[in-house]
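Nothing here was measured: the structure is a model prediction, and the numbers come from that model. All values below come from the heavy atoms of this structure, side chains included, with hydrogens, waters and symmetry mates left out. We number each residue from 1, following the sequence as shown.
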Amino acid sequence: MILNKSIKLVLAGAVIGFANVSIYPVNFSSAEEAVSSESTTQLQTLRIEEFQLEETFSSSKKAYTALVTSDIHSMTLLLEAKEESASITVNGKAVVSGEKSSFSLNAKENLFTIIVANGSEVSSYTITVSRAQNDNIQLADLVLSSGDLVFNPAVTNYHLKVDNETSNITVYAKAASDTAKVEINGTKATSKGLSVDIPVGSTTITIIVTAENGNKKTYQITITREEPLPKTPTQPITTEASSRMSQSQVGSLPATNSGNAHIETTANLDSLTVSNGTWNKSFTSDQYTYHLAVGNDVTNVSITAKAEESNAEITIDESDISSSSDITIKNQEKTVISVVVTNDDERKTYVLVFDKDIEKEEDTVDTDVIESLSATEDFSSDKIDLQLEREQPNDNSVLKPTDSRSLWQRILAFFGL
């Protein structure tokens, strides 16, 4: 009986000992693997240059947050893993451990997921950055292609006038904030501006600035385009019965084929240049009289003319030309040169008055008369032949079509040229 009890005690001890031997190695191995996994996929550095995180960084802390103002549009992030063999990605984009990387920030919430991997082991960190929305609704600049507008961001209403010739204006508007949007008359504003038609009368242009947070501000420009100038009616030709036609009366000579100051024609010049002399105004095809100041030593100039229509003919001082002509400038205060363009039945005359700074001689042409003639007379045909004829003593004279010379020849002859 005593022997059996001893054997049972030994067997029980052996069983207990075997159980202890088999349990300890298993528990030790699991603890070692857990420590190894944590240490090879942890960050040892997480830092942002532009702002501070709400939480203090720790390798074991996995989630971080930050709240930034609307003027911060990006962040520079530095990440460094504890193990050199570990790889790092931010939102799926690989970054180099220990080097800075830049990331943009949108309005409201921005989530960045950081994955640290080493072999099959992986750790995850998150950064949530909340950026405030910009509330700037100001314009930085407002410019018009025509018209006098002095812009002030605090002023929202503008009124200006433009002449009748202005039928279109380009509007350029730029927001003070890069995150704001600008619309001109409902169309998105660009750096090229927006072209707006300006009819006669009042036109309102509306510019709306929408901030990032949805706030809006409206600017308005009211443009008044003037009415066209009325056309000046012409007067009939009359002369004093006791003298030849006065220069003031010649100045009221009407157009030969209509009473309008401007007539559409195919007998215009496209360009007109002179080798010497200072013009009183720039050449345009619908202006017919020009003054050119020349030195007293200038005796001749070269005039080059080109018609708008290729089949039109040009004569300078009654001489046919193909492109240019040399003209003598007399030694007198004023020398008048005609440039005539003829196209089929249409005819136009341009007048060049060369002015020298010398004493005016008696009976020299009054250039005011020449300008008035050129402005009111379209020289469209030499079919109209006029002669001054006195009908009755002590009465006004009238013009009758009897002379066969051209009108331009008779005008020059009248003034002794």
Within the structure provided, determine whether [X] and [Y] are in side-chain contact (heavy-atom separation under 4.5 Å).
X: Ile127; Y: Thr65; result: no
X: Ile169; Y: Ile223; result: yes
X: Thr315; Y: Val339; result: no
X: Leu139; Y: Pro153; result: no
X: Asn280; Y: Leu292; result: no
X: Thr126; Y: Ile114; result: no
X: Asn164; Y: Arg225; result: yes
X: Ile358; Y: Asn331; result: yes

- Item | Phe283: ring pair (Phe, Tyr, Trp, His ring centres under 6.0 Å) partners, not counting sequence neighbours |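 For Phe283 the ring pair (Phe, Tyr, Trp, His ring centres under 6.0 Å) partners, ignoring immediate neighbours, are Tyr290, Tyr350.
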For a quick check under 3.5 Å, do [X] and [Y] share a side-chain donor-acceptor pair by atom type?
X: Asn343; Y: Thr266; answer: yes
X: Ser123; Y: Thr41; answer: yes
X: Thr69; Y: Asp71; answer: yes
X: Ser60; Y: Gln42; answer: no
X: Asn268; Y: Tyr288; answer: yes
X: Asp197; Y: Asn168; answer: yes
X: Tyr219; Y: Gln138; answer: yes
X: Thr210; Y: Lys216; answer: yes
X: Gln44; Y: Lys82; answer: no

[X] atom [atom1], neighbour heavy-atom count above 12 within 6.0 Å:
X: Lys174; atom1: NZ; result: no
X: Lys62; atom1: NZ; result: yes
X: Asn296; atom1: CG; result: yes
X: Gln52; atom1: CD; result: no
X: Leu111; atom1: CG; result: yes
X: Glu313; atom1: CD; result: no

- Report the residues that fulfil salt bridge (Lys or Arg N to Asp or Glu O under 4.0 Å) with Glu212, sequence neighbours left out, ordered by chain and then residue number. Arg131
- Task: Using salt bridge (Lys or Arg N to Asp or Glu O under 4.0 Å) as the criterion, list what pairs up with Lys100, not counting sequence neighbours.
- Result: Glu49
- Query: Can any side-chain N or O of Asn185 pair as donor or acceptor with the backbone N or O of Thr206 at less than 3.5 Å?
  - Reply: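 A pair under 3.5 Å: yes.
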- Task: Without swapping roles, check the side chain of Asn106 against the backbone of Glu109 for a donor-acceptor pair under 3.5 Å.
- Result: no
- Could you check Val336 against Phe354 for side chain to side chain contact (heavy atoms under 4.5 Å, CB included), going step by step and ending with a plain yes or no? CA-CA 6 Å; Val336 182; Phe354 292 88; over 6 Å; no
- Query: Can you check side chain to side chain contact (heavy atoms under 4.5 Å, CB included) on Arg47 and Phe57, steps first, answer last?
  - Reply: CA-CA 8 Å; Arg47 185 164 58 246; Phe57 172 72; over 6 Å; no
Search all heavy atoms of [X] against all heavy atoms of [Y] and return the closest pair with its distance.
X: Thr40; Y: Glu83; answer: CA-CG, 3.4 Å
X: Val301; Y: Val298; answer: CG1-CG1, 3.9 Å
X: Asn134; Y: Ala211; answer: O-CB, 3.7 Å
X: Ala173; Y: Val182; answer: CB-CG1, 3.9 Å

- What do the steps show when you test Asp355 against Lys334 for salt bridge (Lys or Arg N to Asp or Glu O under 4.0 Å), and what is the final call? CA-CA 5 Å; Asp355 298 318; Lys334 299 184 185 298; 3.0 Å; yes
If I take atom [atom1] from residue [X] and atom [atom2] from residue [Y], how far apart are they, to the nearest 0.5 angstrom?
X: Asn300; Y: Thr328; atom1: CG; atom2: OG1; answer: 6.0 Å
X: Leu105; Y: Ser130; atom1: CG; atom2: OG; answer: 10.0 Å
X: Lys356; Y: Thr335; atom1: NZ; atom2: OG1; answer: 6.5 Å
X: Glu183; Y: Leu194; atom1: CD; atom2: CG; answer: 11.0 Å
X: Glu99; Y: Ile88; atom1: CD; atom2: CD1; answer: 10.5 Å
X: Glu226; Y: Thr224; atom1: CD; atom2: OG1; answer: 9.0 Å

- Message: Could you walk me through whether Leu160 and Ile221 satisfy the side chain to side chain contact (heavy atoms under 4.5 Å, CB included) test, starting with their C-alpha distance in whole Å, then the side-chain angles of each, then the deciding distance to 0.1 Å, before giving a yes or no?
- Response: CA-CA 8 Å; Leu160 62 147; Ile221 308 170; 3.5 Å; yes
- Looking at Phe103, is Lys93 sitting on its ring face, NZ or CZ under 6.0 Å from the six-membered ring centre and within 45 degrees of the normal?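 Yes, Lys93 and Phe103 form such a contact.
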- Going through the checks in order, is the side chain to side chain contact (heavy atoms under 4.5 Å, CB included) test met by Leu352 and Leu272? CA-CA 10 Å; Leu352 301 180; Leu272 180 62; 3.8 Å; yes
